[in-house]
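Note: hydrogens, waters and symmetry copies are ignored here, and every other heavy atom, side chains too, is used.
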Amino acid sequence: MDKVIVVEGLSDKTRIAPLIAEPVTILCTNGTVSASRLEELLLPYEDLDIIVLVDADKSGEQLRKLVKREFPEARHFYINRSYKEVATTPIRILLDVLISANVQVNKLLTEG
């Protein structure tokens, strides 16, 4: 396992987990967190590929800023603002985002 995906909530994790076809840790921040809490959450994974996929809203942007400051090597991927939340983004779009992040996705979902 060499990738960690950071999402905000359990509904985000539940939405993307079945799409992924490789061992990946999905961490929920449960909303905006403090710098110390973020460090506590991500420090064990700092040598891995940290992928940030959070909502396109104010709390998501605050979390991104914090991650950029504390873990500048993390890679950020975005959903279109029109979807607002990862949990409500269409599966097809999420698959494209995961593929662009070099995450292996469930091939059955990409067909059809």
Side-chain angles (χ1 to χ4, degrees):
M1 194 172 328
D2 61 350
K3 294 180 185 119
V4 173
I5 300 177
V6 178
V7 296
E8 287 180 82
L10 188 57
S11 59
D12 300 333
K13 180 178 181 173
T14 303
R15 181 80 164 168
I16 67 168
L19 309 180
I20 299 171
E22 67 176 297
V24 170
T25 299
I26 303 173
L27 296 175
C28 297
T29 65
N30 298 312
T32 306
V33 294
S34 65
S36 60
R37 175 71 183 114
L38 182 70
E39 213 169 291
E40 194 178 285
L41 193 66
L42 290 180
L43 215 49
Y45 304 98
E46 71 177 336
D47 293 333
L48 303 181
D49 182 11
I50 300 173
I51 297 167
V52 179
L53 181 60
V54 296
D55 297 345
D57 60 11
K58 188 177 179 184
S59 67
E61 289 307 313
Q62 288 174 329
L63 182 55
R64 278 188 196 283
K65 282 182 187 173
L66 190 57
V67 172
K68 283 178 182 176
R69 190 174 71 226
E70 302 296 322
F71 294 88
E73 70 285 354
R75 298 187 302 135
H76 293 260
F77 292 85
Y78 298 82
I79 57 165
N80 190 297
R81 279 205 171 290
S82 64
Y83 302 124
K84 292 185 178 74
E85 300 174 359
V86 171
T88 58
T89 300
I91 296 295
R92 178 74 239 159
I93 303 299
L94 289 174
L95 287 168
D96 290 344
V97 171
L98 291 168
I99 290 167
S100 72
N102 202 28
V103 173
Q104 293 175 27
V105 297
N106 186 332
K107 293 285 184 237
L108 295 175
L109 296 172
T110 59
E111 299 166 358

Can you tell if the side chain of [X] reaches within under 4.5 Å of the side chain of [Y], non-hydrogen atoms only?
{"X": "Leu48", "Y": "Lys3", "answer": "no"}
{"X": "Glu8", "Y": "Leu63", "answer": "yes"}
{"X": "Leu27", "Y": "Val7", "answer": "no"}
{"X": "Leu43", "Y": "Phe71", "answer": "yes"}
{"X": "Val103", "Y": "Glu22", "answer": "yes"}
{"X": "Ile51", "Y": "Val6", "answer": "no"}
{"X": "Leu42", "Y": "Glu46", "answer": "no"}
{"X": "Ile20", "Y": "Ile5", "answer": "yes"}

Checklist entry - Between Leu19 and Ile99, is there a shared hydrophobic cluster once you connect ILVMFWY residues whose side-chain heavy atoms come closer than 4.5 Å? => result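 In one cluster: yes.
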Assigning hydrophobic clusters by single linkage (Ile, Leu, Val, Met, Phe, Trp, Tyr; side-chain heavy-atom cutoff under 4.5 Å), is Val24 placed with Ile91? yes
Please check if the side chain of [X] supplies one atom and the backbone of [Y] the other of a donor-acceptor pair under 3.5 Å.
{"X": "Arg64", "Y": "His76", "result": "no"}
{"X": "Asp12", "Y": "Ala87", "result": "yes"}
{"X": "Asn80", "Y": "Tyr83", "result": "no"}
{"X": "Arg15", "Y": "Leu94", "result": "no"}

Item to complete: May I ask you to decide whether Lys84 forms a salt bridge with Asp55, counting only side-chain N to carboxylate O separations under 4.0 Å?
Response: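 A salt bridge is absent here (no side-chain N lies under 4.0 Å from a carboxylate O).
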Inset, instruction - Could you tell me whether Lys58 and Glu61 have a side-chain N and a carboxylate O separated by less than 4.0 Å? - result: no
By side chain to side chain donor-acceptor pair (under 3.5 Å), Glu70 pairs with (sequence neighbours left out) none
Discussion item. Please find the pair of heavy atoms, one from Val97 and one from Phe77, that lie closest to each other, and give the distance.
Written reply: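 Taking Val97 first and Phe77 second, the nearest heavy atoms are CG1-CB, 3.8 Å.
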